[in-house]
Each structure stands twice: as structure tokens, then as C-alpha cells.
Amino acid sequence: MRVRFAPSPTGFQHIGGYRTALFDWLLARHARGTFLLRIEDTDIARTVPGAVEAIIEGFQWLGLDWDEGPLIGGPFGPYFQTQRRDIYRAMSNQLITGGHAYQCFCTADRLKQVRDEQQARGEPPRYDRLCRRINSEERARRVADGEPYVVRFAVPTEGATLVDDALRGAIRFENANLDDAVLLKSNAYPTYHLANVVDDHLMRITHVIRAEEWIPSAPLHVLTYAALDWAPPVFVHVPDVLGPDGRKLSKRHGAVPLLEYRDRGYLPEAVLNYMALLGWSFDDKADVLSRDQLIASFSLERVGTAGARYDPGRLLWFNGVYIRQLSPADLADRTLPFLERPQDQGGLPDSVSRPLDRAYAERVVGLERERMKTLADAAEMTEFFFTEALEYDPALLIAKGMDRERTLDGLRRADKLLRASRRWVAGNIEPKLRELVAELGLKPVQLFTSLRVAVTGRTVSPPLFDTMEVLGRQRSLNRLARALVLLAEK
RNA sequence: GCCCCCAUCGUCUAGCGGCCCAGGACAUCACCCUUUCAAGGUGGAGAUCGCGGGUUCGAAUCCCGCUGGGGGUACCA
């Protein structure tokens with residue numbers, strides 16, 4: 001089995017594009033076949049510099065490796081269509097010779113005019129085949145004269161073409177409804193229709209997996225394979241990924257470049273897992289599936305036919321799941337860059353000196369692991385572990401059902417007790433403070449809230465005693481002392 | 001307009017004629033756990049399986065029509 005993903009470098013790829021690529025990859029890996037990448041860069045006007053690099057970076061980030069293609073080459077290269085122009089030209093000539101294609105000299109202006117007239121008459125806009133009727137002498141003369149032309153496919157005018165789709169069965173198209181599509185542009189670059197068919201055949205592709213938007217042009221491709229006397233591959237038109245509005249995900253309807261998920265602190269394994277479930281399912285119970293499980297269980301039979309809406313909330317949930325599965329060391333490795341980036345890019349305050357202490361950061365991040373939804377959350381959540389001064393409203397020190405005097409008393413007693421404590425670990429601090437709570441006749445929350453605010457400057461934090469342990473004796477006691485001052489002044 | 005695809009809780013989906021007055025997950029609500037927030041646990045609400053006809057002893061599952069949504073209709077892919 002040989003499968004390919006063939007992106008066009010005309011912009012960034014979003015979740016939808018990579019989801020289709022993922023299906024390609026999973027199918028190939030499941031079957032221990034070959035997965036290759038081919039760059040369809042034939043639209044030179046729309047080609048965006050850097051787009052190829054970005055696409056490749058996305059594959060690398062997701063961990064989708066390819067066996068042939070950019071960077072590594074392969075036995076059926078080149079894998080950039082702009083480097084295969086001689087091949088397309090030869091095939092185009094072969095089609096012309098065989099009577100399956102013809103030169104068309106119509107100008108863009110005339111084409112537009114024809115279309116406008118057809119539309120005015122309520123007819124489907126299609127090429128009127130004027131040049132298909134030109135006799136061979138005139139055609140040869142005009143070509144020899146250097147008149148610009150495109151090459152069009154001469155679609156049969158009668159009968160029907162069947163597209164056999166692996167997911168949907170046979171789809172029937174009346175040939176009378178088909179258009180004489182352009183195969184070779186006047187600049188001698190091929191269109192998708194020619195290049196795709198030629199390359200898929202030459203590269204021995206067995207399964208063409210592409211988005212359902214290609215169904216309407218599939219009969220043309222089937223016809224082209226036949227005209228070249230080639231056996232067509234298995235066609236698999238997978239459902240689209242839809243935006244929140246129910247329309248096909250697109251750049252201008254909120255779609256985001258895949259790599260932006262990386263920059264927003266998403267884990268590639270989470271994105272991968274989420275994408276796999278967009279149009280494919282395993283069974284009625286499992287959703288958290290590792291890369292290996294995905295490969296082992298993927299099959300075309302379980303790919304659906306209906307478009308799947310992109311749900312950011314579900315992706316976020318997956319991300320949390322995968323973050324919680326990380327070891328503290330691994331999580332720290334991945335989170336450090338997010339913490340260390342500049343403050344205006346979402347990192348810790350610039351007053352915190354970089355690089356961070358690796359061991360300390362690992363302990364901090366370990367405490368926040370089950371609260372983090374993205375790696376980017378870490379900076380805001382852990383800030384108080386890294387800064388010196390805490391800014392907070394002293395009123396927060398007074399817990400519900402408490403007053404200033406009792407809070408002051410509780411914190412003073414805690415302070416005294418903590419200063420006397422020898423081993424600064426949660427397991428030692430906690431029982432002492434709990435004894436104090438009982439002695440004062442308070443509820444745990446009444447004292448601990450005050451301590452939490454004193455030590456972290458906020459009402460929400462990881463478990464208090466672990467937090468104090470990581471923060472360390474000195475820093476914790478300093479902050480407690482400062483809280484006592486603030487409260488006394490209040 | 002014409003051609004094509006699709007249709008189960010808000011969302012992703014299970015279901016391929018009887019096990020389904022429809023199961024799971026996300027989101028949501030409540031409760032439990034609990035030093036806060038999470039995480040976790042339990043439970044609830046949420047889909048007359050888009051609608052109408054058939055076929056069948058029996059249909060979410062098969063067929064037809066309708067409606068709705070989407071895609072295509074470029075010398076873009």
C-alpha cells in the first residue's frame with residue numbers, strides 16, 4: 001500500500017488539512033505501507049514563501065513521519081510538482097495524440113463572456129468547446145504561430161462515469177454534465193487534474209485519500225486514468241472538518257494554523273488524538289488513544305461520511321488529559337519554554353531572571369499539573385512561585401466567617417509554630433497546622449485560606465502545604481511576616 | 001441555476017433489522033471527596049434517531065420522496 005498527502009503551499013494548513021493527512025498516515029502505518037509527501041506547487045501565483053517549511057514543521061511537530069518526499073527524496077521523485085513539468089507536458093501530448101485532449105486558444109475574456117451569457121440564460125457555466133471543433137490544420141497552424149493555448153480534456157459527451165468511492169460506493173456522473181477541464185495552463189504548468197493523476201500513477205499510489213470537496217472532479221480523474229490506459233487507485237473521499245458555523249473549515253472563518261496550537265501550549269499527542277476522532281471512531285467507549293493504539297486500530301471501515309464540526313472545548317479536554325499523563329520531568333521540559341518566553345508573549349514577568357532553575361521549576365510545575373489545560377497556562381498559574389513581592393488586597397487574608405483579630409491571632413500562632421518547626425516538608429507542616437486549627441476551634445478552611453493568601457497572594461493555588469514546601473522555608477516565612485504587617489496596618 | 005455528497009443528544013460519535021422507549025465522550029447541572037481551585041467519583045438533564053411514505057412479524061438501521069445542511073461549478077488546489 002502506498003499513500004500520499006499532497007498539500008499545496010498556498011498558505012498554512014489547519015486542523016482540517018492535517019486531519020486528512022493523519023488518515024493517510026494512519027492507513028499507511030497500519031498496513032505497514034509507505035506514506036509519502038508530495039508538494040503540489042503548480043499554482044505559482046498563489047504559492048506562499050515559507051509555506052512548504054511550515055507544512056513540514058507541522059508534520060514533524062505531530063510526529064507524522066514520511067518515507068518519501070521533501071528533505072529525504074525517494075525512488076519516485078522529485079516530489080515537488082514544479083520540478084516535474086517535462087513529465088506533465090509529455091503526458092499532455094500523449095492525451096492530445098490519443099484524441100483525449102486538445103489545445104484551446106480561447107482568451108480569458110471570451111471565457112468570461114461565454115460564462116456570463118450562459119448564466120444569463122440560466123444554463124450551467126461551462127466551456128462551450130469552441131476550440132474542440134477546430135480542424136487539425138488550423139490547430140497546427142495556430143500552435144506553430146505561437147498563439148497561446150491551454151490543453152483541455154475532451155470529455156465524452158455521452159454516457160456516464162462511475163467513481164468508486166471506498167466510503168460511499170459508486171457515484172454516478174452523467175458525462176453530459178462534465179466540463180472540458182484545463183489540464184495544462186498557458187504557462188505550461190499543469191493543473192491539479194493532470195498533475196495529480198500523473199503523479200499518483202507514477203508514484204504507484206494505491207489509495208487516494210482526500211477531502212470530499214474533490215468528489216465533483218473525481219469523474220474527470222477517472223476518465224483521465226482511462227485515457228492514459230492506467231488503472232485508477234482506490235478513491236477515499238473523507239468528510240470535511242467543519243468550523244463552528246457548520247461550514248467547511250477555512251482560513252477566513254476562524255481556522256487557525258496548526259502550529260499555532262503548539263504555540264498556545266497544546267500537546268501534539270492531544271491534537272493527534274482529537275483529530276483522529278474527527279470523522280473516525282474506534283468503538284463505543286474508547287476516546288483516549290495513543291499514537292500506537294491509533295495505528296493499531298485504524299481502518300477505513302470506521303471512517304464516517306458526515307462532516308465533523310471542530311469543537312475547541314473537546315480538544316482542550318484532551319490536552320488536559322495528556323498533560324496529566326506526563327511525568328513532572330517531561331512536563332517541565334515542555335513547559336519551561338513557555339515560562340521563559342518574554343512577559344508580553346505570555347511568559348513569566350520579565351523581572352524573573354532566566355534561565356529558570358530546572359529542578360525548582362519541575363517541582364512547581366508538578367504541583368500545577370492537574371490544573372493545567374495548556375502549557376501556556378503555567379506562567380499565570382505559577383507566577384507567585386518565581387516572583388519576590390506579592391501584590392494582593394489584604395482583605396483577602398480574612399476568610400469567610402472570620403474577622404481581623406481572629407485572623408491576626410491565627411496567623412501569629414501559625415507563624416510562631418512554623419518558625420519553630422525543624423523539617424520544612426508538607427508531611428511535617430500539615431499536622432502541626434491542623435492541631436492549631438483544632439486548638440483555635442476553627443474550621444480548616446478558615447485558617448488555611450488566610451495562610452494561602454499570605455503565602456501565594458491569591459485565593460486559588462495548589463494544595464497549601466505542598467506549595468509551602470516547594471516555596472521553601474525562608475520565602476514562606478517572609479511572606480507570612482509581611483501578611484501580618486499588612487493585616488495589622490489595615 | 002446545474003451537478004454531487006451528507007443527515008442519531010448543543011458537539012464528537014456507537015449502532016450495520018429484533019440485544020435500543022438508543023450507548024459512550026466533551027460541554028452543562030447537582031451531589032460526594034476536600035484547606036482553595038482542579039482532578040476524581042456518583043447521579044441528572046439532554047436525540048419522538050430531520051420529515052413523510054413504503055418494505056418487513058419487526059426499522060435509527062433497507063427503499064423512495066421531501067426538507068435541511070454542505071461541497072463543486074476557475075488557466076486554485
Side-chain angles (χ1 to χ4, degrees), chain A residues 6-11 40-43 45-46 104 106-108 111-112 115 118-119 121-126 148-152 163 165 167-168 171-174 176-179 181-187 189-193 195-196 210-219 237 239-240 242 244 246-248 274 277-288 301-302 304-318 320 324 368-373 381 399 430 433-434 437 443-453 456 458-465:
Chain A
S8 178
T10 51
E40 308 217 324
D41 52 356
T42 56
D43 188 353
R46 288 202 313 154
C104 167
C106 293
T107 63
L111 259 21
K112 183 180 187 314
R115 265 197 296 272
Q118 287 167 328
Q119 297 219 12
R121 272 179 271 133
E123 294 171 11
R126 248 182 316 216
Y149 64 85
V150 302
V151 175
R152 288 182 183 273
V163 174
D165 182 275
L167 263 28
R168 304 155 206 265
I171 305 171
R172 180 189 171 89
F173 295 84
E174 295 300 326
N177 289 325
L178 267 27
D179 202 359
V182 172
L183 299 178
L184 206 64
K185 309 174 200 175
S186 57
N187 63 6
Y189 280 89
T191 61
Y192 173 90
H193 305 303
N196 189 264
R210 60 197 349 179
E212 61 176 315
E213 59 181 328
W214 290 105
I215 294 177
S217 49
H237 292 98
D240 281 327
L242 277 22
R247 309 188 62 123
K248 189 177 74 169
Y274 173 72
L277 264 15
L278 242 31
W280 175 83
S281 63
F282 180 56
D283 60 13
D284 61 346
K285 56 181 201 337
D287 348 67
V288 178
E301 288 75 60
R302 299 197 66 88
T305 47
R309 213 174 284 228
Y310 164 65
D311 179 359
R314 193 165 157 85
L315 206 210
L316 197 61
W317 174 76
F318 270 109
R324 275 172 252 132
E368 295 285 11
R369 183 174 58 176
E370 61 191 39
R371 265 153 285 264
M372 288 167 59
K373 290 280 191 289
M381 292 173 105
E430 177 164 359
L433 287 172
R434 284 198 186 278
V437 164
K443 283 187 282 189
V445 67
Q446 292 177 305
L447 207 221
F448 296 164
T449 294
S450 306
L451 275 169
R452 183 187 313 284
V453 172
T456 71
R458 45 180 85 180
T459 54
V460 172
S461 81
L464 179 60
F465 313 109

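Side-chain atoms are counted along with the backbone in the values below, which use heavy atoms only and exclude waters and symmetry mates. In what follows, chains carry the letters A, B, and so on, assigned in the order in which the sequence lines appear, proteins first and then strands, with residues in each chain numbered from 1.
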Tell me what [X] touches on the nucleic acid: a base, only sugar-phosphate, or nothing, going by heavy atoms under 4.0 Å.
| X | value |
| --- | --- |
| A:Arg369 | nothing |
| A:Gly279 | sugar-phosphate |
| A:Leu278 | sugar-phosphate |

Footprint string (nucleotides 72-77 of chain B, 5' to 3'): B base within contact, S backbone only, - free, heavy atoms under 4.0 Å: SSSBBB
Heavy-atom protein contacts under 4.0 Å, nucleotides 25-43 of chain B, coded B base, S sugar-phosphate only, - none: BSS-------BBBBSS---
With [X], which residues qualify under side chain to side chain contact (heavy atoms under 4.5 Å, CB included), at least two apart?
| X | value |
| --- | --- |
| A:Arg434 | A:Glu430, A:Pro444, A:Phe448, A:Phe465 |
| A:Arg314 | A:Tyr274, A:Leu277, A:Asp287, A:Asp311, A:Phe318 |
| A:Thr456 | A:Phe384, A:Arg452, A:Arg458, A:Ser461, A:Thr467 |
| A:Ser186 | A:Val150 |

Set of side-chain hydrogen bond (donor to acceptor under 3.5 Å, both in side chains) partners for A:Tyr149, sequence neighbours left out: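 Once residues adjacent in sequence are excluded, A:Tyr149 has no partner under the side-chain hydrogen bond (donor to acceptor under 3.5 Å, both in side chains) criterion.
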Counter-base of [N], judged by Watson-Crick or G-U geometry with both distances under 3.5 Å:
| N | answer |
| --- | --- |
| B:A25 | B:U11 |
| B:A39 | none |
| B:U73 | B:G1 |
| B:G68 | B:C6 |
| B:U48 | none |

Side-chain touch A:Val437/A:Gln446, heavy atoms, less than 4.5 angstrom: no
Counterpart residues, salt bridge (charged side-chain N to carboxylate O under 4.0 Å, His left out), relative to A:Lys185 (two or more places apart):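 For A:Lys185, no residue satisfies salt bridge (charged side-chain N to carboxylate O under 4.0 Å, His left out) once neighbours in sequence are set aside.
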A:Arg247: salt bridge (charged side-chain N to carboxylate O under 4.0 Å, His left out) partners, not counting sequence neighbours: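 Listed in chain order: nothing, the list is empty.
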Nearest-Å distance, [atom1] ([X]) to [atom2] ([N])?
| X | N | atom1 | atom2 | value |
| --- | --- | --- | --- | --- |
| A:Arg210 | B:C4 | CZ | C1' | 14 Å |
| A:Arg309 | B:G68 | CZ | C1' | 13 Å |
| A:Glu212 | B:A7 | CD | C1' | 12 Å |

A:Arg172 vs A:Gly122, nearer the 5' end of RNA chain B by closest nucleotide: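 Looking at RNA chain B, the more 5' nearest nucleotide goes with A:Gly122.
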Under 3.5 Å donor-acceptor, A:Glu212 side chain and A:Asp240 backbone: yes
